[in-house]
2 protein chains.
Amino acid sequence: MTDTMPRAAVPTLDEVALLAGVSRATVSRVVNDSPRVSPEARAAVRSAIAELRYVPNRMARSLVTRRTDTIALVLNEPNTQVFSDPFFASIVRGVSATLADTDLNLVLLTAQDEREQEKIGRYARMGHVDGVILMSVHSDDPLPDILAEAGMPLVMCGRPFDDRAVSYVDADNRGGAEVATAHLIATGRRRIATITGPLDMIAGVDRLAGHRAALAAAGLQSFPQLEAEGDFTEAGGARAMESLLGRDPELDAVFVASDPMAVGALSALRVAGRRVPEDVAVVGFDDAAVATRCDPPLTTIAQPLADMTPLLTELLLRQIEGAGEAVESRVCRTSLVRRASA
Amino acid sequence: MTDTMPRAAVPTLDEVALLAGVSRATVSRVVNDSPRVSPEARAAVRSAIAELRYVPNRMARSLVTRRTDTIALVLNEPNTQVFSDPFFASIVRGVSATLADTDLNLVLLTAQDEREQEKIGRYARMGHVDGVILMSVHSDDPLPDILAEAGMPLVMCGRPFDDRAVSYVDADNRGGAEVATAHLIATGRRRIATITGPLDMIAGVDRLAGHRAALAAAGLQSFPQLEAEGDFTEAGGARAMESLLGRDPELDAVFVASDPMAVGALSALRVAGRRVPEDVAVVGFDDAAVATRCDPPLTTIAQPLADMTPLLTELLLRQIEGAGEAVESRVCRTSLVRRASA
DNA sequence: ATGAAAGCGCTAACAT
DNA sequence: ATGTTAGCGCTTTCAT
């Protein structure tokens, strides 16, 4: 099947001005909602715009304003599985909603590997976007440096590995993990395992640190065989749980560093014939308000996404408007909750 | 925590020219890999570019070339659950990979509702992108019209509802569904149910049509109570399966119009105490090569994503280069396979 | 309130 | 092979 279709002719400001019988400057003022235009002129311009179906040319405008009115949300994730983590969807939805009533556009950029990260770095530096929100950063990712060195307004979702001066918004991962493990201890558990997140991600590191801190605070020792690294996916959680059960069949509790992994861990426990929570108690850490079908309901540390997403854009916009001067960070409080089964 | 950081000064072509001791035109030629430059000049320019960390200004370039070297992949999906469908991830990954060695950039745009679709329409019309790949189109989405009327190069992933002249790439949904149901019939099943996709999406409609055609071809009648509409999610599949079992406990097979839904259906069958495939045979339709953990292995119609993603970009690029003249479509063959359990 | 004019940084003829 | 020049479509002083 082949057919043809003429490319639409794109009208310019001058054509609108001609049709409306005013100057380009006036049309520009109308388009940009300047108050210094007479009602008659405004009306004439408006109707000319409608008639010609005029849309301003972004490139021309951006060339002079130095603004694109576009911000990028970068998903830095080689693991396709993780791309479908509900956490991403929630952040995207949240940021998108925050921007809905503004005239800012949101674009998503994904990087599977270093090459794509560099491509994104170039994309941003060329002036396609006014600022960047960076998600899912791994310890060896070059993109934060590329962007920071270019002076690009930048907010990271999750604190950076080093103590660099960069804006970020994060959940209290360490504190949340402490609460989780302390809860398990409080309910009488003593052989408490953990399934960690990827340890090249700060959320993985912080949640493990919180877990260990809670054990230490209770005078419990942390054993390497009670720690298994997962990858934030359901399948990875199941594998890690199997591995833990193999290493120490007597374990009576597990703190799982993300809810998708917790769902996987629960099914691994069921396969192994362990009852939850009678034999093994489980606490998760939610990477979104996951409406998971898990029976029994999952006790979990709730990450305050509703707080985090507006902050992300707020911090970025402040940086963009303030010519990139202010670097600030926020840590949002987490809390222990019980998710009903679906 | 607050700190300051100077905004980097951005060098222009002229500054590079000055430093390299050549004209702007020569610098431009080097940047654009023109062969008409002497090796010495090229070297001088290269080092000046490196020294100044020069990056061309996209807006200025695009203003004259009328190209942005960016294409958009639009995810048209109000349902967040579906956003995490592995099908999306696979398409994004595939298109992204196809573009990796080119100097084309890919941006993802998501629309939760009509307002956001219109915003995306404006974004595209303003000249941010050279072309658009549209995914997950529902029957009442305004975006295809907005884009088509603006003369924006456009390829749809999935055929349009009406017989409009628009490029698209699709799997053979109808044919695949026919094969699926015919397979169930061939193995002796007679009370064959189906869990459909959303019927405001063409894939949902086509797969149902194929299912019905296979029944008709075998002289079997299709009953409304043996058809339940799902939403392409795992939870939706489980709900639909429960509903079907309630309406006809005697059913002996089910064709499920997507693999995530099939996973849900399998767990609903297990909960209901039905053995698979002894009591109820199941055939899915994969929305990606989903590495689903299902036991027993799932028989499914494989959608040829490896064929589809390069086609998507190929058709779009041809349209962009050919000034939007050619409209063409491709339907990729599907086949019955058996997915091993993970 | 409106228009004239300059210029954003780049590419692409056209000259040489 | 290289330089000169003329815009691309818009915003923004600066006049009026």
Side-chain angles (χ1 to χ4, degrees), chain A residues 7-46 48-49 52-70 103 122-123 125-128 130 150, chain B residues 7-46 48-49 52-70 103 122-123 125-128 130 150:
Chain A
R7 171 94 69 162
V10 181
T12 70
L13 206 62
D14 306 71
E15 300 174 43
V16 176
L18 201 66
L19 182 59
V22 298
S23 74
R24 288 172 9 185
T26 300
V27 177
S28 178
R29 290 188 186 102
V30 172
V31 169
N32 294 296
D33 284 319
S34 160
R36 314 188 148 281
V37 183
S38 70
E40 308 80 58
R42 188 180 304 278
V45 170
R46 286 258 163 78
I49 286 177
L52 295 174
R53 313 174 107 267
Y54 168 77
V55 176
N57 179 315
R58 262 254 70 102
M59 303 309 148
R61 173 184 287 182
S62 294
L63 187 56
V64 40
T65 61
R66 273 129 202 300
R67 287 277 296 256
T68 62
D69 295 328
T70 301
D103 51 6
R122 255 174 283 140
Y123 183 82
R125 292 197 56 195
M126 285 181 125
H128 276 281
D130 295 335
Chain B
R7 171 95 70 163
V10 181
T12 69
L13 206 63
D14 305 70
E15 300 174 44
V16 175
L18 200 67
L19 181 60
V22 298
S23 73
R24 289 173 10 189
T26 300
V27 177
S28 178
R29 288 186 187 105
V30 172
V31 170
N32 294 296
D33 284 321
S34 159
R36 313 188 149 279
V37 183
S38 70
E40 307 81 58
R42 186 180 305 276
V45 171
R46 287 257 162 80
I49 287 177
L52 297 175
R53 311 173 108 270
Y54 168 77
V55 177
N57 179 315
R58 263 254 66 106
M59 303 310 149
R61 174 185 286 181
S62 293
L63 187 56
V64 40
T65 61
R66 280 140 192 299
R67 288 277 296 257
T68 62
D69 295 329
T70 301
D103 50 8
R122 257 175 283 136
Y123 183 81
R125 290 198 55 195
M126 285 183 124
H128 276 282
D130 296 335

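Every heavy atom of this structure was used, including side-chain atoms; hydrogens, water molecules and symmetry mates were not. The structure presented is a predicted model; accordingly, all values stated were derived computationally and were not measured. In what follows, chains carry the letters A, B, and so on, assigned in the order in which the sequence lines appear, proteins first and then strands, with residues in each chain numbered from 1.
- When atom types are taken as modelled, the side chain of B:Asn57 and the backbone of B:Met59 share a donor-acceptor pair closer than 3.5 angstrom.
- Atom CG of A:Asn57 is separated from atom P of D:dC8 by 12 Å (rounded to the nearest Å).
- Between A:Arg67 atom CZ and C:dG9 atom C1' there is a gap of 19 Å when expressed in whole angstrom units.
- For the pair A:Arg58 CZ and D:dC8 C1', the interatomic distance rounds to 16 Å; values are reported in whole Å.
- Atom P of nucleotide D:dC10 and atom CD1 of A:Ile49 are separated by 10 Å, given to the nearest angstrom.
- In terms of phosphate contacts, B:Arg66 brings no side-chain nitrogen or oxygen within less than 4.0 Å of OP1 or OP2 of C:dT11.
- Distance B:Leu13 CG to D:dT4 C1': 14 Å, rounded to the nearest Å.
- Comparing B:Ala41 and A:Thr12 along DNA chain D, the residue whose closest nucleotide (by nearest heavy atom) sits nearer the 5' end is B:Ala41.
- At distances below 3.5 Å, at least one donor-acceptor pair connects side-chain atoms of A:Asp130 with backbone N or O atoms of A:Thr68.
- For B:Thr26 (side chain) and B:Val22 (main-chain N/O), no donor-acceptor pair under 3.5 Å exists by modelled atom type.
- Contacts between residues 22-39 of chain B and DNA chain D, defined by a heavy-atom separation below 4.0 Å, involve B:Val22, B:Ser23, B:Arg24, B:Ala25, B:Thr26, B:Arg29, B:Arg36, B:Val37, B:Ser38, listed by number.
- For the pair A:Arg61 CZ and C:dG9 P, the computed distance is 18 Å after rounding to whole Å.
- When rounded to the nearest whole Å, the span between CE of B:Met59 and P of C:dG9 equals 13 Å.
- A:Ala20 and A:Ala48 get closest at one heavy-atom pair: CB-CB, 3.9 Å.
- In this structure, CG of B:Asp14 is placed 7 Å from P of C:dC10, rounded to the nearest angstrom.
- Under 3.5 Å, the side chains of A:Arg61 and A:Thr65 contain no donor-acceptor pair of N or O atoms.
- Among all heavy-atom pairs drawn from A:Thr12 and A:Tyr54, the shortest one is C-CE1, 3.7 Å.
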